[in-house]
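Structure record follows, encoded as structure tokens.
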Amino acid sequence: MITAERKPMEEITECVKPFERILLVGCNECVTVCAAGGRKEVGLLSSALQMHFMKEGKPVEIKEVTLERQ
């Protein structure tokens with residue numbers, strides 16, 4: 001059985017902080033069942049990152065892609 005957990009938001013923002021363009025890639029299979037990386041979660045993460053960087057006054061381009069299978 002495959003399970004997944006999303007990293008804490010602080011860790012994610014720290015990892016992507018130096019970048020101006022970010023590609024979020026999710027999968028509509030296993031991680032969708034775990035609520036950790038499907039289409040919905042990619043959209044939520046994208047929104048959260050946009051809000052975080054807007055508060056900091058840093059322009060960031062975020063694209064979203066969700067695959068059917070890895």
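All of these numbers come straight from a predicted model, not from anything done at the bench.
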Nearest 0.5 Å, what's the SG-CZ distance between Cys27 and Arg39?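 The CZ atom of Arg39 is 10.5 Å from SG of Cys27, to the nearest 0.5 Å.
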What I'd like to find out is whether the side chain of Thr66 reaches to under 4.5 Å of the side chain of Leu24, using heavy atoms alone.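 A side-chain contact is absent here, since even the closest heavy-atom pair is not under 4.5 Å.
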Could you check if a side-chain atom of Glu64 sits within less than 4.5 angstrom of a side-chain atom of Leu45, using non-hydrogen atoms only?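 Glu64 vs Leu45: side chains apart.
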Got a sec, which residues hit side-chain hydrogen bond (donor to acceptor under 3.5 Å, both in side chains) with Glu61, two or more places apart in sequence or on another chain?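 Partners of Glu61 by the side-chain hydrogen bond (donor to acceptor under 3.5 Å, both in side chains) criterion come out as none, since no residue qualifies.
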Counting only heavy atoms not in Lys55, do more than 12 sit closer than 6.0 Å to its NZ atom?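 No - once you tally the heavy atoms of other residues, nucleotides and ligands closer than 6.0 Å, there are 12 at most.
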Under 3.5 Å donor-acceptor, Ser47 side chain and Gly43 backbone: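 Yes, Ser47 side chain to Gly43 backbone: donor-acceptor pair under 3.5 Å.
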Is a side-chain donor or acceptor of Glu11 paired with a backbone partner of Pro8 at a separation under 3.5 angstrom?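 Side chain of Glu11 to backbone of Pro8, a donor-acceptor pair under 3.5 Å: no, none is there.
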Taking it one step at a time, do Ile22 and Val60 satisfy side-chain contact (heavy atoms from CB on, under 4.5 Å)? CA-CA 7 Å; Ile22 300 167; Val60 175; 3.6 Å; yes
Do you know the tightest heavy-atom contact between [X] and [Y]?
X: Phe19; Y: Lys58; result: O-NZ, 3.2 Å
X: Ser46; Y: Ile62; result: OG-CG2, 3.5 Å
X: Pro59; Y: Gly57; result: CD-O, 3.7 Å

Hydrophobic clustering (ILVMFWY, side-chain heavy atoms < 4.5 Å, transitive) - are Val16 and Val25 grouped together?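 No; tracing contacts between hydrophobic side chains, which count when under 4.5 Å, never links both residues.
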